[in-house]
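Step one of this worksheet: look at the structure below.
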Amino acid sequence: MEILEQIASEAEKRTQVPAYPRSVEKVISAIMTSNNFWKIVDLSDEPLPLVAEILKLLKEHDLVIFEGNQILLTEAGAELARRLGIEPFVSHKCPTCKGRGVIIDDSLREAYEKFLKIQENRPPAIHQFDQGYVTPENTFARVALADDRGDLRGKKVVVLGDDDLMSIALALSGLPKKVTILEIDERLVNFIKEVSDKYNLNIDARVHDLRQPLPEDVLGAYDTFFTDPPETVEAIKAFVGRGVATLKGPRCAGYFGVTRRESSADKWRRIQRVLIDMGLVITDLIHNFNEYVNWDYYEEMRGWQLTPVKEPPKDIWYRSTQFRVETVRGFEGFNEPIVGDIYNDAESSTT
Ligand SMILES: NCCCCN(CCCN)CCCN
C-alpha cells in the first residue's frame with residue numbers, strides 16, 4: 001500500500017489534482033486491461049492530468065514501460081499488482097441499452113433516422129468554446145430518458161448550449177410543446193435555424209453568451225432544461241444555475257452531464273453541494289450515459305501536452321455521467337453575469 005500512497009501524494013503535488021492510493025490502483029487495473037493511453041484514462045475514471053502524472057511516476061519507479069505508444073507493466077509492476085491483489089477491469093454493462101437504462105424504441109425510430117441524416121452536415125466542434133458533441137444515438141437517448149421521466153410531452157423545453165443538437169432532436173420527436181435554444185456559437189444557431197425552417201420545427205433559436213444573464217422572457221418560463229457545461233465548478237454553477245432560473249416552479253426537471261475525465265471525486269462533491277444549495281434534488285446519475293465524438297482539435301488541448309505517449313485518440317474515450325435534477329420548494333436559480341475563466345482549472349484538460 002505504501003508505494004501507492006507515495007505515488008499518489010507525489011502525483012497530487014505535481015498536478016494539484018486530489019489523488020489517492022485508489023487512483024493509482026485504478027490506473028494499474030486499467031493498464032492490465034489496455035495499453036492505450038486514452039482507454040486507460042477512460043477505464044480509470046480519474047482526471048486526465050492525474051492519470052498522465054501517475055503513468056510518469058509508475059515509469060520512474062520501473063513499474064511501467066512505454067514501448068512506442070504502448071503502456072505496459074514491467075515484471076516488477078506485475079509483481080506489485082499480484083502482491084496487492086490488483087486485477088484488470090471487468091465490465092457487466094448491458095449490451096442492449098449500453099448502461100443507459102433506455103433505448104431508442106420504435107416510437108422514436110423515424111425521428112431518429114431523420115436526425116441521423118440532418119446531423120451529417122453539422123458544424124465541426126471548435127476549441128474556442130470547449131465544444132465536444134455526443135454521438136447522435138446519445139443525443140436521442142437523452143430524448144428517450146427525458147420522455148421516460150415524463151419531462152417532455154406538452155412541456156416547454158429550453159437548451160442552454162447546443163453543440164449536441166438536442167434542440168433538433170427534441171423538435172423532431174414532436175413531444176415538447178415548445179423548444180428554445182440559447183447558444184454562443186453563431187454557426188450552430190444558423191444551422192439549427194436552417195434545419196428548423198426546412199423541417200418546419202418552429203425552434204426558437206438565439207445567439208446568447210451564457211456568461212451573460214438570460215433574456216427576461218426565458219426566466220421562469222420552462223418546464224425542463226438541458227445543458228452540458230464545461231467542467232469547472234463556475235461553469236456548472238453558471239449553466240445549471242441559469243437552467244434553474246428558466247424553470248416555472250418546483251418539481252421541474254433539468255438534465256446535464258458531469259465527467260470524471262476532467263473532474264475528481266473531490267470536485268464532484270463541490271458540484272453536488274452547489275446543486276443541493278440551489279434547492280435541487282438529484283434524482284438520477286447514470287454513469288457514462290454520454291459518449292463524446294473525438295474532436296479534431298485534440299493537439300491544441302492542454303491534455304495533449306500532458307500525455308506521456310503521443311498516440312492520437314481513436315476510439316471514444318471521453319464520457320460523462322448524465323444527471324437529472326428536480327426543483328423543490330425554495331429553489332433558487334442563478335442569473336448574475338459571470339466574469340473570469342469558466343473553461344480552465346487544475347483538473348480540466350480538454351480546453
Ligand atoms: N472539450 C471537449 C469535451 C467537452 C465536453 N464538455 C462540453 C460538452 C458539450 N457537448 C463537457 C462535458 C461534460 N459536462
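Counting starts at 1 for both ligands and their atoms, following the listed order. Source: prediction; values computed, not measured.
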Can you confirm whether F115 sits close enough to F140 that some side-chain heavy atom of one is under 4.5 Å from a side-chain heavy atom of the other? yes

Angle between ring planes, W295 versus W317, binned at 30° and 60°: parallel, tilted or perpendicular? tilted

Heavy-atom neighbours of E87 CD exceed 12 at 6.0 Å: no

Any chance you could lay out the side-chain contact (heavy atoms from CB on, under 4.5 Å) test for R149 and T224, step after step, and finish with the verdict? CA-CA 11 Å; R149 302 303 197 267; T224 306; over 6 Å; no

Check residues 200-207 and write down every donor-acceptor pair under 3.5 Å in which the side-chain atom is one partner and the other belongs to a residue at least two apart or another chain.
{"residue": "D204", "atom": "OD1", "partner": "R206", "partner atom": "NE", "Å": "3.0"}
{"residue": "D204", "atom": "OD2", "partner": "T180", "partner atom": "OG1", "Å": "3.0"}
{"residue": "D204", "atom": "OD2", "partner": "R206", "partner atom": "NE", "Å": "3.4"}
{"residue": "D204", "atom": "OD2", "partner": "R206", "partner atom": "NH2", "Å": "2.9"}
{"residue": "R206", "atom": "NH1", "partner": "D217", "partner atom": "OD1", "Å": "2.9"}
{"residue": "R206", "atom": "NH1", "partner": "D217", "partner atom": "OD2", "Å": "3.3"}
{"residue": "R206", "atom": "NH2", "partner": "D217", "partner atom": "OD2", "Å": "2.6"}

If the criterion is any heavy atom closer than 4.0 Å to an atom of ligand 1, which residues make the list? D130, Q131, G132, D163, D164, D228, P229, E231, G257, Y292, W295, Y297, Y318, T350

With no hydrogens and no angle check, just 3.5 Å: does a side-chain donor-acceptor pair link Y292 and S320? yes

